[in-house]
Amino acid sequence: MSNSIPTQLINRILWCDCARGMRVLPDGCVPMTLTSPPYDSIRQYGGHEFEFERIARELYRVTMIGGVVVWIVQEQIIDGSETGTSSYQRLYFRDLGFTLHHTMAMQPHGTLHHHAVRYGGPLQYAFVLAKGRPRSITLLKDRPNKHRRRTRTFTQRISNGQLQRQRPYTTQDVGVRGPIWFYATGRHVATERYTNIHPARMSEDIARDHIISWSRPGDLIFDPLCGVGTVPKMALLTGRHYLGMEINGPYWVTALRRLADARKVPTQ
Ligand SMILES: C[S@@+](CC[C@H](N)C(=O)[O-])C[C@H]1O[C@@H](n2cnc3c(N)ncnc32)[C@H](O)[C@@H]1O
């Protein structure tokens, strides 16, 4: 049994510290959280302290059975070494009881920085954490097949060791995506230029694709660290409800403006 989210919190973005804000949520009420924390000390969003363990414990408490948390994070390099913070966070979530359902990489394309000692910058991970078995999975199928529309036959070795010919089948035009997703960055991550005040917006495409993959229409999508409101906006545009929290006043105000603008766009 899952609890319901209080109706006065549906489709709201609250200006608060999420470690405290989450206290008002009942146990097991959230079907999906999609969020991205501050990456070590890469950026200071107003100098607020980030209490990872407290936030992680609250996330586990408020997630419903079958609910999913997608945690998008990237390592920082200090003194020649990746900090390992994302590894620590991933195992901390596991120790709380989350299943490590999937580890994915969200790779920016079109930004080939030259690195003299590495094959590029640190990977951006999406940890897909589940409380039990995910209750909703819709795998995106848009990877062009190399051998499309080709009829092929395979053989399979059966228990007595002999090869058995399988029924021929024709490959489709597209297949299910792999675990590495490529996205545009910079000014292409959002449609509203005024959201540029935030130095680390999530790509709208990343938000949309995760929401579709791990939730159902009508679900509530929670982002406790919602910045300028990318996750709430994409929840709205994909027919879900949202709840956001943000500690930084100017980002919160921008998120409210963005959601008001998104509501003006006619849905299809
Ligand atoms: C990586 S950014 C998220 C950006 C967001 N996904 C977007 O697209 O705009 C992390 C955000 O967490 C906020 N934050 C940090 N600590 C917080 C806290 N304790 N409670 C709420 N928000 C917090 C920061 O102000 C920052 O906007």
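All ligand and atom numbering here is 1-based and tracks the order in the structure. Bear in mind that the values here come from a model prediction, so they are computed numbers and not experimental data.
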| task | Assess Cys226 for proximity to ligand 1: is some non-hydrogen atom of it under 4.0 Å away? | result | yes
| remark: Closest non-hydrogen contact found for Met104 with Val128 is SD-CG2, 4.0 Å
| task | Can you see which heavy atom on Ala262 is nearest to which on Leu237, and at what distance? | result | O-CD2, 4.4 Å
| query | Taking non-hydrogen atoms only, is Met202 closer than 4.0 angstrom to ligand 1 via side chain, backbone, both or neither? | reply | both
| message | Ring of Phe154, cation from Arg165 - is the NZ or CZ under 6.0 Å from the centre and inside 45° of the axis? | response | no
| task | Give yes if a backbone or side-chain nitrogen or oxygen of Ile247 is under 3.5 Å from a nitrogen or oxygen of ligand 1, and no if not. | result | yes
| task | List, by chain and number, the other hydrophobic cluster members for Tyr119, where Ile, Leu, Val, Met, Phe, Trp and Tyr join if side-chain heavy atoms come within less than 4.5 Å, directly or indirectly. | result | none
| task | Without swapping roles, check the side chain of Lys131 against the backbone of Thr63 for a donor-acceptor pair under 3.5 Å. | result | yes
| task | Have a look at Arg54, Glu246, Met22 and point out the one with the heavy atom closest to atom 13 (C) of ligand 1. | result | Glu246
| query | Is there a donor-acceptor contact under 3.5 Å linking the side chains of Arg90 and Thr103? | reply | yes
| message | So for ligand 1, is Pro37 a polar contact partner (N or O within less than 3.5 Å, distance only)? | response | no
| query | So, does Thr99 use its side chain to make a donor-acceptor pair with the main chain of His101 at under 3.5 Å? | reply | no
| message | Test question: given the 4.5 Å side-chain rule for I, L, V, M, F, W and Y, name all other residues clustered with Ile158, or answer none. | response | none
| Going by the atom numbers of ligand 1, which of them fall below 4.0 Å from some non-hydrogen atom of Pro224? | 21 (C), 22 (N)
| message | Within ligand 1, which atoms have a heavy atom of Asn248 less than 4.0 Å away? | response | 25 (O)
| Going by the order shown, which atoms of ligand 1 are within less than 4.0 Å of some heavy atom of Thr230? | 7 (C), 8 (O), 9 (O)
| request: Report yes or no: does a heavy atom of Ala255 sit under 4.0 Å from some atom of ligand 1? | output: no
| note | In ligand 1, the atoms that come under 4.0 Å of a heavy atom of Val228 are 7 (C), 9 (O)
| message | Are any of the N/O atoms on Tyr251, whether in the backbone or the side chain, positioned under 3.5 angstrom from an N/O atom of ligand 1? | response | no
| Numbering the atoms of ligand 1 from 1, which are under 4.0 Å from a heavy atom of His198? | 2 (S), 4 (C), 26 (C), 27 (O)
| task | Heavy-atom contacts with Asp17 under 4.0 Å: which atoms of ligand 1 show up? List them by number with element. | result | 18 (C), 19 (N), 20 (N)
| note | Quick note on ligand 1: atoms under 4.0 Å from a heavy atom of Cys16 include exactly 20 (N), 21 (C)
| query | With a cut-off of 4.0 Å, which atoms of ligand 1 are near a heavy atom of Ser36? | reply | 1 (C), 2 (S), 3 (C), 10 (C)
| With a 4.0 Å cut-off on heavy atoms, does Ala207 reach ligand 1? | no
| field | Side-chain donor-acceptor pair present, Arg240, Ser215, cut-off under 3.5 Å | value | yes
| field | Polar contact flag, side-chain donor to acceptor under 3.5 angstrom, Tyr125-Gln89 | value | no
